[in-house]
There are 2 protein chains.
Amino acid sequence: MLPTAQSCPRPSSTLARFHLSDTLTPNAPTTLIEVAQQAGVSPSTVSRILNGTAKVSDEKRRAVLDAIAKMNFAPNPMAQALKKGKSMTIGIVVQDIASPFFDETLHGIDQALNGTGYASVIVSGHWNAAEEIDRIRLLLARKVDGIILLSGRITDESVLQFSKHKPIVSTGRALQTERALGFKIDNEYGARLATQHLIELGHRHIAFITGPANHTDADERLSGYKKALAEAGIAYNPKIVVDGDFHENSGLRATTHLLETKQKFTAIFAANDLCAYGARLSLYRKGIRVPEDISLIGFDDLPSSAYTTPPLTTVRQPLCDIGRIAAQALLHLINGDAVETSIPPLELVVRETTKRLKN
Amino acid sequence: MLPTAQSCPRPSSTLARFHLSDTLTPNAPTTLIEVAQQAGVSPSTVSRILNGTAKVSDEKRRAVLDAIAKMNFAPNPMAQALKKGKSMTIGIVVQDIASPFFDETLHGIDQALNGTGYASVIVSGHWNAAEEIDRIRLLLARKVDGIILLSGRITDESVLQFSKHKPIVSTGRALQTERALGFKIDNEYGARLATQHLIELGHRHIAFITGPANHTDADERLSGYKKALAEAGIAYNPKIVVDGDFHENSGLRATTHLLETKQKFTAIFAANDLCAYGARLSLYRKGIRVPEDISLIGFDDLPSSAYTTPPLTTVRQPLCDIGRIAAQALLHLINGDAVETSIPPLELVVRETTKRLKN
DNA sequence: CTGTTAGCGCTTTCAT
DNA sequence: ATGAAAGCGCTAACAG
């Protein structure tokens, strides 16, 4: 009875013991040298123990470990970074930090990075290729060890160029070199899934609200829609395919346009969930019921789609998995390891906005 | 006619000129010393020009600038950080990276940081004090220059303790020292606003879905609700005050509980928007209309609240401003400057889920 | 105004 | 197995 919202497992983590007093001594941070003195060994020995670089006698090891604990020492990351040429930081480029779409993916990345010692710096490209390039440069200048690019607007060549500096993994594109990896979901398949679902319910006049122009994901979804139509022997009617941009407002406008120009349609397939929300509102404003009068389907399965009124039928994208997989792949690239990725398939999530066409 | 969704201005930034070829030479990054050699000056001179630390003759300055441009030099942040003891990084602690609530605030922070040279590392506390402490320690170990804590679960004392290491600004608490600043919205006022709105519409039986136990924001909202009731001479009825936890599911469960135990109420005030979404769905499932049968009001004004069906009446929290102000304040603290903050007041946003009680 | 000289805190040969 | 010494790339006295 409860709607199943998409979301990664949120660990109700129960970190045990933590003594606030421990590290909260506000004196200047201890250095490795001080630890060495305290333990009566050389700095190198401390370093060796810290990094497991070489064998150290149990006696000294014990002394050093003691000193470390006693002095509450932690190595200075800047110094390590400077020395090793690795910052233990990765850069993440999203398009909009305040978008549920990216959030889920970030969550997956977060999970994968947790406990690896890597931290991440997140920047926004704002769907703008020039800004995106600018931000990637910034990350590179900051010496990140690798980059995850989510739904970038830049060309594959640019990605390849950047990958010469640091390994990079990108979603939404097919790519595979030693230092760059791109993988994408099968948008066309997903769109066919959605369209076929509608067709199976008896719909023949299915409106489509597109994504932004020149956006690969958007284009492929449109193409999947067309294919499914063709396969079912339904003529493609450009009059009921209207422009959107993946945001709520565009869905609202598009639907209102459809309605006001008196197009004939019994179902709407919005290129993403956000857009479907807007469509839903437009329908509501006109007093048109969903799904009784019009069926509605989205794409993405954002967490909130399980709580719309009524809950939205949509195509689930494994956002969180994608994030996790991207991060793991990047870690491999950074280590020079081979990567092989496979992401879970898209699946149709039938909720309550689609209904068999009566009669 | 279009709903107004809360959101910061999303700059459709038009960064001009960018020559990909410029920085994409994958050779090892240039160092300041090489620049100095190329320009025929000493490293210090280059450093001076870079930092504006001292006067330099036009001639040498020109030579250095030329060399910098020619060699496409950018100083190594790790080296700078090690030397200056400043990493130009700030740490942000959210509770959930994938929550629209935090997103808007992050967006504000992002805006404030943009162009300052500071980058941010975001970590999640997952509403868990122990984990939060752990994460803050992590940030401190990473040598962030300051911390922004959003809706932390830790005590004020802990914050004060941490602030001895690095400046910290926190939302959701009142605090003001040399190195720590906390500011909060007037939850009680906001809750009164919401409750009064309902009362003015003629409602006398107003159910309330609480936030998580021991959560300051939640407690204060409950208290505001009670106050407004008392002011209107309406008896407080604990039977229609039910537990929630700020998430959709709890709103759904709470409302279902209200309905199944046959409580008498004509309106629901949910302690936050997410919770209101769940309530909305519960009502929908039972075939109860909003706002005709039951009025519903939330708290926060998340961006998506303008697109629910019907659009949600709620109390707007200036999330984005809060983020911006927090970041600016932190920057001031870091510089040792005085800070004075004032955040915009909460305001009632009347949309379409509340209605005058007929009778 | 400018160059020389020490390091920031750590890792890593290179000896022993 | 361990210590001494030489930097990573940059900045900040300190002398001129």
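Hydrogens, waters and symmetry mates play no part in the numbers below; they use all other heavy atoms, side chains included. All values reported here derive from a predicted model rather than from experimental measurement. Letters A, B, ... are given to chains in the order of the sequence lines, protein chains preceding strands, and every chain is numbered from 1.
B:Asp58 has its CG atom 12 Å from the C1' atom of C:dC1, to the nearest Å.
With sequence neighbours left out, the side-chain hydrogen bond (donor to acceptor under 3.5 Å, both in side chains) criterion links A:Arg179 to no other residue. Listed by chain and number, the residues in a side-chain contact (heavy atoms from CB on, under 4.5 Å) with B:Ala327 are B:Ile109, B:Ala112, B:Leu113, B:Ile148 (sequence neighbours excluded). Qualifying side-chain hydrogen bond (donor to acceptor under 3.5 Å, both in side chains) partners for B:Arg173, counting only residues two or more places apart in sequence or in other chains: B:Asp156, B:Ser170. Residues satisfying the salt bridge (Lys or Arg N to Asp or Glu O under 4.0 Å) test with A:Arg142, not counting sequence neighbours, are none. For A:Lys166, the side-chain contact (heavy atoms from CB on, under 4.5 Å) partners two or more places apart in sequence, or in a different chain, are A:Leu140. Residues passing the side-chain contact (heavy atoms from CB on, under 4.5 Å) test with B:Ala74, sequence neighbours excluded: none. In terms of the side-chain hydrogen bond (donor to acceptor under 3.5 Å, both in side chains) criterion, B:Asp110 has no residue partners (sequence neighbours excluded).
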Taking only distance into account, with no hydrogens and no angle test, what donor-acceptor pairs under 3.5 Å do side-chain atoms of residues 335-342 of chain A form with protein atoms, sequence neighbours excluded?
from	atom 1	to	atom 2	distance (Å)
A:Asn335	ND2	A:Leu331	O	3.2

Pair up each side-chain donor or acceptor in residues 45-52 of chain B with any protein partner under 3.5 Å, not counting sequence neighbours, and list the distances.
from	atom 1	to	atom 2	distance (Å)
B:Thr45	OG1	B:Ser42	OG	3.3
B:Ser47	OG	B:Asn51	ND2	3.2
B:Asn51	OD1	B:Lys84	NZ	3.4
B:Asn51	ND2	B:Ser47	O	2.7

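In 5' to 3' order, the nucleotides of DNA chain D bounding all contacts with chain A (an atom under 4.0 Å from a heavy atom) are D:dA1 to D:dG9.
Residues A:Gln38 and A:Phe73 form no side-chain contact, since every pair of their non-hydrogen atoms from C-beta on lies 4.5 Å or further apart.
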Nucleotides 7-14 of chain C: protein proximity per nucleotide (B base, S sugar-phosphate only, - neither; heavy atom, under 4.0 Å):
BBBBBBB-

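If one axis is set at each end of the helix from C:dC1-D:dG16 to C:dT16-D:dA1 from five pairs, those axes are 40° apart, to 10°.
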